Amino acid sequence: MQAPERTVRGADLARRTSVRDFLNKTIKGRGTCAYDSAVIAGNGIGALAFAGWLSQSPLFEGKVTVVAPPVVESRRLINGVTLRGRAVDFMSAALDTTLDDILEVMSGSTDTPPVCYRQTAAMALQRGQSWRFGRRGQWQNGLPDNRPIAYGLRNSRVVGGMRELASKLAIEFVDEKVESASHLRSFSAGRHPLLVNATTVPTLIGGEAKPPKRMVFGVQAPFIVPERGVSYPLEAETAFAPVVRRAGTIDVGYFTPFRDPLSPRSTWYGIYARVVDRNATFNKDAELRIMTEQLFGVAAAMNLLPDDPAETLGRAFVPASPWGAVAPSAPGTLELKRHYASGAPVFYADGMVTSLAGGVVGAEAVIRGVNPDDAIRAALRPWRRHNLLWFLETNKIPLLSEMLVRANPAAAMAYPHTAGMNLWASAA
């Protein structure tokens with residue numbers, strides 16, 4: 001394993017040490033590494049975390065290759081924005097870097113970062129064309145040592161920033177789209193490569209693909225704060241979840257501090273997400289329109305203005321993965337994306353943290369000569385369980401959930417949300 005104490009100090013050392021402790025606790029046993037190199041298809045967050053951590057091992061130094069088209073950045077918000085504090089721990093370890101470097105590259109500055117130390121929630125209630133809010137309550141409080149809970153960063157800038165930081169490691173990057181397992185193997189720097197699929201194509205190197213049982217709607221945008229500032233229930237350095245019960249389920253809202261070098265006026269971000277059964281009757285375009293109006297209406301009630309929505313608004317209709325068992329990878333391969341994509345995306349701000357944790361755990365398991373499928377599955381089980389519980393609360397008992405949030409938001413969010421603080425907050 002890496003020896004982080006040789007290169008970092010203070011809070012950065014605490015973050016690195018926490019990752020090492022997590023790996024030692026999660027990965028059971030040790031064997032002989034079966035590979036002399038690794039070739040990764042894909043250059044997303046999980047792919048770069050896997051490649052970065054693996055490349056720091058003497059077993060793989062100079063023998064890690066990432067094959068994917070170049071990262072394309074846009075002001076439009078595609079994929080998630082919430083980078084949990086715990087995700088930063090894994091990112092800094094995977095890329096052998098510091099929090100300051102991450103913030104500088106991904107947000108443009110280390111000054112006044114787009115961070116939250118607390119999380120609150122309330123029901124958002126529509127009255128005609130306007131919105132009001134029920135009782136607000138905290139479900140994650142600022143800790144005595146002020147550990148960050150989350151940062152608001154555009155996903156494509158996170159990926160681009162990781163690619164920039166990873167370029168300092170012993171990784172070869174090939175700007176090409178992988179077409180098959182044999183194509184991927186042709187880029188190997190060794191005779192016994194591990195083939196890793198971190199793309200959105202599950203069958204790329206021989207994996208299976210099943211039609212999803214559920215889908216997720218999501219609409220998101222960056223927001224500007226006018227001179228008079230934000231209004232209740234928003235607070236500085238605090239994420240806010242305004243949930244809406246509508247048409248038999250709960251639309252999950254989430255607003256956080258935000259910064260993006262391409263949208264410098266924006267200081268807040270907001271999203272609404274909704275999970276639906278794939279075979280349910282719904283009008284896709286109508287749902288996205290309703291949710292967009294809802295996002296802008298709730299934002300306006302807190303004195304937020306959308307920043308160039310024609311260029312920045314993201315609207316998605318994406319498949320949700322099952323929460324249960326994940327099919328094993330074929331010999332000589334690792335279906336990395338399949339592991340960290342378990343559960344409903346978009347609606348619980350856990351996509352980046354599971355990608356990073358899954359990538360680092362998978363790489364360390366390969367180094368130790370143990371089954372990476374088993375290691376990743378065990379490591380991500382708490383996040384997957386909380387994702388499932390949030391789905392059950394919002395989709396299976398929405399009326400009861402609304403009643404509880406109206407009466408006592410803090411109590412309603414106590415489990416799994418408050419109890420899961422360590423799945424959110426950084427170690428330092």
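No experiment lies behind these values; they were computed from the predicted model shown.
- S55 places a side-chain N or O within donor-acceptor distance of the main-chain N or O of G52, the cut-off being under 3.5 Å.
- When atom types are taken as modelled, the side chain of D36 and the backbone of R191 share a donor-acceptor pair closer than 3.5 angstrom.
- Defined by atom type and a distance below 3.5 Å, a donor-acceptor pair is present between the side-chain atoms of R86 and S18.
- Partners of N79 under the side-chain contact (heavy atoms from CB on, under 4.5 Å) rule, at least two apart in sequence or in another chain, are N155.
- Qualifying side chain to side chain donor-acceptor pair (under 3.5 Å) partners for E164, counting only residues two or more places apart in sequence or in other chains: R157.
- When the options R259, R265, R76 are evaluated for a salt bridge (Lys or Arg N to Asp or Glu O under 4.0 Å) with D307, the one that passes is R265.
- W53 CH2 to L95 CG: the interatomic distance, rounded to the nearest 0.5 Å, is 11.0 Å.
- Looking at L399 and E402, their side chains come closer than 4.5 Å, going by heavy atoms from C-beta outward.
- Considering only heavy atoms from C-beta on, Q138 stays 4.5 Å or farther from T418 through its side chain.
- Here the side chains of I376 and F50 are not in contact, with every heavy-atom distance at 4.5 Å or above.
- No donor-acceptor pair under 3.5 Å is formed between the side chain of N43 and the backbone N or O of P70.
- The minimum heavy-atom distance between N141 and R118, with the atom names listed, is C-CG, 4.0 Å.
- Going from atom CG of L304 over to atom OH of Y269 covers 13.5 Å, rounded to the nearest 0.5 Å.
- Note: H386 and Y415 have perpendicular aromatic rings, judged against thresholds of 30 and 60 degrees for the angle between ring planes.
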When you look at V326 and D373, which way does the side chain to side chain contact (heavy atoms under 4.5 Å, CB included) test go after all the steps? CA-CA 9 Å; V326 179; D373 284 345; over 6 Å; no
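- In this structure, R84 satisfies the cation-pi test against Y348, with its NZ or CZ atom closer than 6.0 Å to the six-membered ring centre and inside 45 degrees of the ring normal.
- Going from atom CG of L288 over to atom CG of L295 covers 12.0 Å, rounded to the nearest 0.5 Å.
- When only modelled atom types and interatomic distance are considered, T120 and T238 share no side-chain donor-acceptor pair under 3.5 Å.
- Screening residues 150-177 for ring pair (Phe, Tyr, Trp, His ring centres under 6.0 Å) gives no qualifying pairs among residues at least two apart or on separate chains.
- Using a distance-only test at 3.5 Å, with no hydrogens or angles considered, no donor-acceptor pair links the side chain of D308 to the main chain of A310.
- No donor-acceptor pair under 3.5 Å is formed between the side chain of T394 and the backbone N or O of I250.
- Interatomic distance, M291 CE to R315 CZ, rounded to the nearest 0.5 Å: 10.5 Å.
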Does the side chain to side chain contact (heavy atoms under 4.5 Å, CB included) test come out yes or no for C33 and I367, once each step is laid out? CA-CA 6 Å; C33 181; I367 293 167; 6.0 Å; no
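- Interatomic distance, CZ of R75 versus OG of S263, reported as 3.5 Å (0.5 Å rounding).
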Output, in order, the C-alpha distance, side-chain angles, deciding distance and verdict of side chain to side chain contact (heavy atoms under 4.5 Å, CB included) for M91 and L83. CA-CA 10 Å; M91 184 185 293; L83 182 68; 4.0 Å; yes
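- In this structure, the side-chain contact (heavy atoms from CB on, under 4.5 Å) partners of R278, at least two apart in sequence or on a different chain, are P211, P212, M215.
- No donor-acceptor pair closer than 3.5 Å links the side chain of Q119 to the backbone N or O of A241.
- Side-chain atoms of P242 and Y272, non-hydrogen and from C-beta on, do get closer than 4.5 Å to each other.
- Here the side chain of S321 pairs a donor or acceptor atom with the backbone of A341 at under 3.5 angstrom.
- Residue pairs meeting the ring pair (Phe, Tyr, Trp, His ring centres under 6.0 Å) criterion with at least one member in residues 27-47, sequence neighbours excluded, do not occur.
- Pairing each heavy atom of F258 with each of L77, the nearest pair is CZ-CD2, 4.2 Å.
- Put simply, the side chain of W383 gets close to the backbone of L423: a donor and an acceptor are under 3.5 Å apart.
- Under 4.0 Å is where a charged nitrogen must lie from a carboxylate oxygen, and between D96 and R16 at least one such pair does.
- Between the side chains of T98 and D12, no donor N or O sits under 3.5 Å from an acceptor N or O.
- Put simply, the side chain of N197 gets close to the backbone of T199: a donor and an acceptor are under 3.5 Å apart.
- You'll find the side chain of L23 reaches within 4.5 Å of the side chain of R368, heavy atoms only.
- Between the Q56 side chain and the A94 main chain, a donor and an acceptor come within less than 3.5 Å of each other.
- Between D101 atom CG and S92 atom OG the span is 10.0 Å, to the nearest 0.5 Å.
- Looking at E208 and R338, no side-chain N of the basic residue comes within less than 4.0 Å of a carboxylate O on the acidic one, giving no salt bridge.
- You'll find the side chain of P222 stays beyond 4.5 Å of the side chain of W268, heavy atoms only.
- Crowding of E293 atom CD: a count of heavy atoms from other residues, nucleotides or ligands under 6.0 Å exceeding 12.
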Passes side chain to side chain contact (heavy atoms under 4.5 Å, CB included), K337 versus T200? Steps please. CA-CA 7 Å; K337 175 72 172 181; T200 57; 4.1 Å; yes
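- Note on residues 311-338: pairs passing ring pair (Phe, Tyr, Trp, His ring centres under 6.0 Å), not counting sequence neighbours, are F217-F317, F282-F317, W323-F391.
- Under the 4.5 Å side-chain criterion, counting only non-hydrogen atoms from C-beta, I290 is in contact with R246.
- Ring-plane geometry between H417 and W139 is classed as perpendicular, the angle between the planes exceeding 60 degrees on a 0 to 90 degree scale with a lower cut at 30.
- A heavy-atom distance below 4.5 Å is not found between the side chains of T256 and P114.
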